[in-house]
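Each chain gets a letter, A, B and so on, in the order the sequences are listed, and its residues count up from 1. Owing to the predicted nature of the structure, the values given are computational and were not obtained by experimental measurement.
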2 protein chains.
Amino acid sequence: MATGRTHRPATRSRGIPEATVARLPLYLRALTALSERSVPTVSSEELAAAAGVNSAKLRKDFSYLGSYGTRGVGYDVEYLVYQISRELGLTQDWPVVIVGIGNLGAALANYGGFASRGFRVAALIDADPAMAGKPVAGIAVQHTDELEHIIEDNGVSIGVIATPAGAAQQVCERLVAAGVTSILNFAPTVLSVPDGVDVRKVDLSIELQILAFHEQRKAGEETGHESAAPAPVADAGAVEAGRKGPDGDVPAVMPA
Amino acid sequence: MATGRTHRPATRSRGIPEATVARLPLYLRALTALSERSVPTVSSEELAAAAGVNSAKLRKDFSYLGSYGTRGVGYDVEYLVYQISRELGLTQDWPVVIVGIGNLGAALANYGGFASRGFRVAALIDADPAMAGKPVAGIAVQHTDELEHIIEDNGVSIGVIATPAGAAQQVCERLVAAGVTSILNFAPTVLSVPDGVDVRKVDLSIELQILAFHEQRKAGEETGHESAAPAPVADAGAVEAGRKGPDGDVPAVMPA
DNA sequence: ATGTCTTTGTGAACGCGTGCACAAAGATAG
DNA sequence: CTATCTTTGTGCACGCGTTCACAAAGACAT
């Protein structure tokens, strides 16, 4: 998982567990694919396989939405697509602003899946005056000065932050002050926001580090240490990848 | 949270809970910042605030690594940076390949946080012959034909998939066959992999949909429906954002 | 050396999420 | 109409993760 919810500790929304909400988009995607192939119905087993989850879990997830299946048959694909879309709020239009049009921001602006499913890029915003007016993904970039103006005029409630880490908190505060209540943060920083504002983060660096942890573990087991004692460590990994730094006792100095 | 772990149901690695592993990078980042400011020690309270978590949780997390704190004082910043780095496997070099050099792939290649902390972009791979040889982020893009060759020669065990959804599973299989055992997937598809291979996914579209769900909920509460009954729904949201589609009973047709 | 004060490390309780396993419900055939 | 077969919906138990609250440990002053 690349993100983590912030705030809202156990405030299960309307009885639908957070874990279930996080899977609904997955089901929706699988269902949309079936719909395009004109498949009329699916069983929980088939759909679960397509979404990569357990069928019992899927049935329980759907049970939170209501009884939309038919016993002995399965679920009506079209109907379920509609119900999930509605539950997720995708039957309405969500204008979104992207702040920080660097490599990543531009990539996001160009991302096709963005436009689909009710999301619409209302504006691209960047602090660099040289960027202003330049078209990215067919939309002219606007200067940060316009931020509040844009949010209010378009009724934007979802903001995407793709700025450098240093600027993220400040941008966040301006977005929130202007009326944004949901933020998707790509900057490698912890954002602090007032209650009522949702933040989800996507952090490449964290994901890689988690993978590295497991990778190291696999390599360690492979070469023999079964580690029952607290810490044999010290020479973990070094698999076939040559290089293995001077694993001394001096704290490694970490850039950025 | 933007991603979700796949496989490895309850295989707690070496006694360190998965949830803790996922937070270690967060602590490391906060600690690194402190280190750069030459702060010698931190209390669990301070560090927890910086990382955006509960102090009790942080202490319990650290307790899985060992007793690295001093009661009455706190934690030695440098020492902790080193211990966490070692635990995460960041004291060694991790060559990484990025497959799919479109907008996103290029953004990832240019991402600074990539190079830091032991990760090194070993190669950029794309299926488009026209891309071959073109430099992106100072590295010449190589053709997909070279994939197996590159993986083996560089001892790559971590792969990043930034291809279109349609190509992801196939690329994944080739990566795994060539020896990659950890995959970070940016393509909006469920990847199926053999046991022993870790997959983490980052999915923009899913994140937005989760935000939309909560956003809709907030808007609904605001305008009055406290929803005790199963489903008053139907006119959720439409806040001040003008547009509100014909919210009829015909299943919405979803592009892509 | 003794006492006070701060902060860690953890035992215990609780709640959420998952998965099993089965009863209920409906389709379908005879 | 009855029997059989399929598939949903869910009660229940279990395990992980979070949080509280406090005892133990060490620093520091006297």
Side-chain angles (χ1 to χ4, degrees), chain A residues 1 4-24 26-27 31 39-77 79-80 83-84 210 230, chain B residues 1 4-24 26-27 31 39-77 79-80 83-84 210 230:
Chain A
M1 200 151 319
R5 293 277 283 86
T6 321
H7 282 103
R8 193 174 316 267
T11 320
R12 274 214 298 201
S13 350
R14 219 295 269 326
I16 301 184
E18 192 58 34
T20 295
V21 173
R23 279 187 295 267
L24 290 181
L26 227 51
Y27 302 144
L31 285 164
V39 177
T41 60
V42 261
S43 67
S44 62
E45 204 69 52
E46 294 168 315
L47 186 54
V53 302
N54 183 300
S55 73
K57 193 186 294 184
L58 178 142
R59 287 198 301 277
K60 183 150 292 191
D61 283 342
F62 284 176
S63 78
Y64 291 114
L65 309 184
S67 284
Y68 295 148
T70 306
R71 298 178 190 227
V73 177
Y75 299 91
D76 182 279
V77 172
Y79 187 59
L80 204 45
Q83 288 299 342
I84 295 179
I210 295 171
Chain B
M1 214 142 313
R5 294 275 284 85
T6 322
H7 281 103
R8 193 175 314 268
T11 319
R12 273 217 296 202
S13 350
R14 219 296 271 325
I16 300 184
E18 191 58 33
T20 295
V21 173
R23 280 188 294 267
L24 290 181
L26 227 52
Y27 301 144
L31 284 164
V39 177
T41 60
V42 261
S43 68
S44 62
E45 204 68 51
E46 295 168 314
L47 186 54
V53 303
N54 184 300
S55 73
K57 193 186 292 185
L58 178 141
R59 286 198 301 276
K60 181 147 289 192
D61 283 342
F62 285 176
S63 77
Y64 291 114
L65 309 185
S67 284
Y68 295 148
T70 305
R71 298 178 190 226
V73 176
Y75 299 91
D76 182 280
V77 173
Y79 187 60
L80 205 45
Q83 288 299 341
I84 295 179
I210 295 172

Checklist entry - Can a side chain N or O of A:N54 be found less than 4.0 Å away from OP1 or OP2 on C:dC20? => result yes
Between [atom2] of [N] and [atom1] of [X], the distance in whole Å:
{"X": "A:L65", "N": "D:dT8", "atom1": "CG", "atom2": "C1'", "answer": "14 Å"}
{"X": "B:E18", "N": "C:dG17", "atom1": "CD", "atom2": "P", "answer": "17 Å"}
{"X": "A:E46", "N": "D:dT6", "atom1": "CD", "atom2": "P", "answer": "14 Å"}
{"X": "A:K57", "N": "D:dG9", "atom1": "NZ", "atom2": "C1'", "answer": "17 Å"}
{"X": "B:D61", "N": "D:dT19", "atom1": "CG", "atom2": "P", "answer": "11 Å"}
{"X": "A:L58", "N": "D:dT8", "atom1": "CG", "atom2": "P", "answer": "9 Å"}

Next on the checklist: Under the criterion side-chain contact (heavy atoms from CB on, under 4.5 Å), I'd like the reasoning laid out for B:V42 against B:L31: C-alpha separation, chi angles, the key distance, then a yes or no.
Outcome noted: CA-CA 9 Å; B:V42 261; B:L31 284 164; 4.1 Å; yes
Hey, what are the protein-to-nucleotides 28-30 of chain C N/O distances that come in under 3.5 Å?
none

Apply side-chain hydrogen bond (donor to acceptor under 3.5 Å, both in side chains) to [X] and list each qualifying residue two or more places apart in sequence or on a separate chain.
{"X": "A:Q83", "answer": "A:Y68, A:Y79, A:R86"}
{"X": "A:T20", "answer": "A:D61"}
{"X": "A:T41", "answer": "none"}

Listing time: all N or O pairs from protein to nucleotides 9-14 of chain C that are below 3.5 Å?
residue : atom : partner : partner atom : Å
C:dG9   : OP1  : B:G69   : N            : 3.1
C:dG9   : OP2  : B:Y75   : OH           : 2.7
C:dG9   : O4'  : B:R71   : NH2          : 2.9
C:dG9   : N7   : B:R59   : NE           : 2.9
C:dG9   : O6   : B:R59   : NH2          : 3.2
C:dG11  : O6   : B:K60   : NZ           : 3.3
C:dA12  : N6   : B:K60   : NZ           : 3.0

Checklist entry - So, B:S43 side chain and B:E46 main chain: donor-acceptor pair closer than 3.5 Å or not? => result yes
Checklist entry - To the side chain of A:S44, which of C:dT18, C:dG17, D:dT8 is closest? => result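 Shortest atom-to-atom distance from the side chain points to D:dT8.
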Checklist entry - Can you tell me how far the CZ atom of B:R23 sits from the CD1 atom of B:I84, to the nearest 0.5 Å? => result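 The CZ atom of B:R23 sits 12.0 Å away from the CD1 atom of B:I84.
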Item to check | Contacts of A:R59 that satisfy salt bridge (charged side-chain N to carboxylate O under 4.0 Å, His left out) - sequence neighbours left out | outcome: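 Residues passing salt bridge (charged side-chain N to carboxylate O under 4.0 Å, His left out) with A:R59: none at all.
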Next on the checklist: Assess the residue pair B:Y27 and B:V53 against the criterion (side-chain contact (heavy atoms from CB on, under 4.5 Å)); give the C-alpha distance rounded to whole Å, side-chain angles, the decisive distance to 0.1 Å, and a yes or no.
Outcome noted: CA-CA 9 Å; B:Y27 301 144; B:V53 303; 3.8 Å; yes
